[in-house]
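These notes concern the structure reproduced below.
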Amino acid sequence: MSSLQGYVDRPVLLVLQDGRAIVGTMAGFDQKSNVVLSDSKERVYSADEGVEEIPLGLYLVKGDQIVLIGELDEEKDRSVDLSTIRADPIPPIHY
Amino acid sequence: MLIFSVFKTLTDQRVTVELKNDLSITGTLKSVDQFLNIRLDGIKVLDEQRYPHMMAVKNCFIRGSVVRYVQLPAEHVDTQLLEDATRREAANQTKR
């Protein structure tokens with residue numbers, strides 16, 4: 001199993017099927033890759049404004065909604081000024 | 001099952017994964033599981049100008065169900081062997 005164990009208690013970025021990006025601390029997961037995030041925030045990207053962070057708190061994301069889970073380099077993440085980033089949201093998955 | 005085995009032989013190689021949301025990610029293949037979920041290390045998004053979302057991500061877990069293509073290093077794939085194996089498997093399946 002290409003396990004998610006290494007991500008527990010680490011800051012992660014979740015990309016969902018509808019294109020949303022959520023950052024938080026991975027609190028837990030199960031074999032269906034359902035994931036619990038603590039202190040999570042949604043990052044809303046837009047082409048004409050900086051990134052908006054919406055606090056979500058404790059979140060459970062169903063595994064089948066997940067596209068990708070990335071481990072964040074905290075230092076690098078902090079060094080990025082989100083208000084200067086202009087980008088379209090990640091496109092949604094289409095089958 | 002066969003493709004799972006092929007991916008296992010490719011661990012520690014650089015591969016490019018294209019997702020069904022058109023994102024392409026290059027990285028070192030760290031592991032695969034039976035769902036073809038993929039773990040990549042040292043990742044780089046192909047069009048970083050357009051997709052700065054993953055700037056601070058160093059390694060990632062990609063859900064197998066959202067993968068469209070995986071570009072493999074040709075020199076590490078024995079195409080002849082793979083062709084033989086797929087045909088053998090297909091033959092076995094029609095027999096059943």
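Note on naming: letters A, B, ... go to the chains in the order of the sequence lines (proteins, then strands), and numbering restarts at 1 for each one.
In this structure, A/I93 CD1 and B/S65 OG are separated by 8.0 Å, a value rounded to the nearest 0.5 Å. Between the CG atom in A/L68 and the CD1 atom in B/I43 there is a gap of 6.5 Å [rounded to 0.5 Å]. Summarising the geometry, atom CG belonging to B/D33 is positioned 12.5 Å from atom CD belonging to A/Q31; distances are rounded to the nearest 0.5 Å. Atoms OH and CG, on B/Y51 and A/D88 in that order, are 8.5 Å from each other to the nearest 0.5 Å.
In this structure, chain B has heavy atoms under 4.5 Å from both the backbone and the side chain of A/I69. For a residue to count as touching a neighbouring chain, one of its non-hydrogen atoms must lie under 4.5 Å from one of that chain's; by this rule B/L19 touches chain A with the side chain only. With a 4.5 Å cut-off on non-hydrogen atoms, A/D77 touches chain B through its backbone and its side chain both. With a 4.5 Å cut-off on non-hydrogen atoms, A/V67 touches chain B through its backbone and its side chain both. At a 4.5 Å heavy-atom cutoff, the contact between A/P89 and chain B is made by backbone atoms alone. Only the side chain of A/I85 has a heavy atom closer than 4.5 Å to any heavy atom of chain B. Neither the backbone nor the side chain of A/E74 comes within less than 4.5 Å of any heavy atom of chain B.
Taking a 6.0 Å sphere around CZ of B/R68, one finds it holds more than 12 heavy atoms contributed by other residues, nucleotides or ligands. Annotation: B/Q93, atom CD; neighbour count of heavy atoms from other residues, nucleotides and ligands within 6.0 Å is above 12. Within 6.0 Å of CD on A/E49 lie no more than 12 heavy atoms contributed by other residues, nucleotides or ligands. With a 6.0 Å radius and a threshold of 12 heavy atoms from other residues, nucleotides or ligands, B/R50 has its CZ atom at or below the threshold. The environment of OH in B/Y69 is sparse: at most 12 heavy-atom neighbours from other residues, nucleotides or ligands sit within 6.0 Å.
A/L4 and A/L60 are members of different hydrophobic clusters when ILVMFWY side chains are connected at heavy-atom separations under 4.5 Å. With hydrophobic clusters built from ILVMFWY side chains whose heavy atoms lie under 4.5 angstrom apart, A/L82 does not share a cluster with A/L13. Using a 4.5 Å cut-off between side-chain heavy atoms of Ile, Leu, Val, Met, Phe, Trp and Tyr, with links allowed through other members, B/L46 and A/V15 fall into different hydrophobic clusters. Placement of A/Y59 and A/V36 in two distinct hydrophobic clusters is found when ILVMFWY residues are connected by side-chain heavy-atom separations under 4.5 Å, directly or transitively. At a threshold of 4.5 Å between side-chain heavy atoms, the hydrophobic network of Ile, Leu, Val, Met, Phe, Trp and Tyr places A/V80 and A/V23 in two separate groups.
The shortest non-hydrogen separation linking A/G70 to B/C60 is CA-CB, 3.8 Å. Closest non-hydrogen pair, A/Y7 versus B/F61, comes out as OH-N, 3.4 Å.
A heavy-atom distance below 4.5 Å is not found between the side chains of A/K32 and B/F35. Using a 4.5 Å heavy-atom cutoff, the side chains of B/V57 and A/D73 are not in contact.
When each of B/D22, B/N59, B/L23 is scored by its heavy-atom pairs under 4.5 Å with chain A, the top score falls to B/N59. For the options B/M55, B/Q49, B/K30, B/H53, heavy-atom pairs under 4.5 Å to chain A are most numerous at B/H53.
At least one donor-acceptor pair closer than 3.5 Å links the side chain of B/R63 to the backbone N or O of A/G63.
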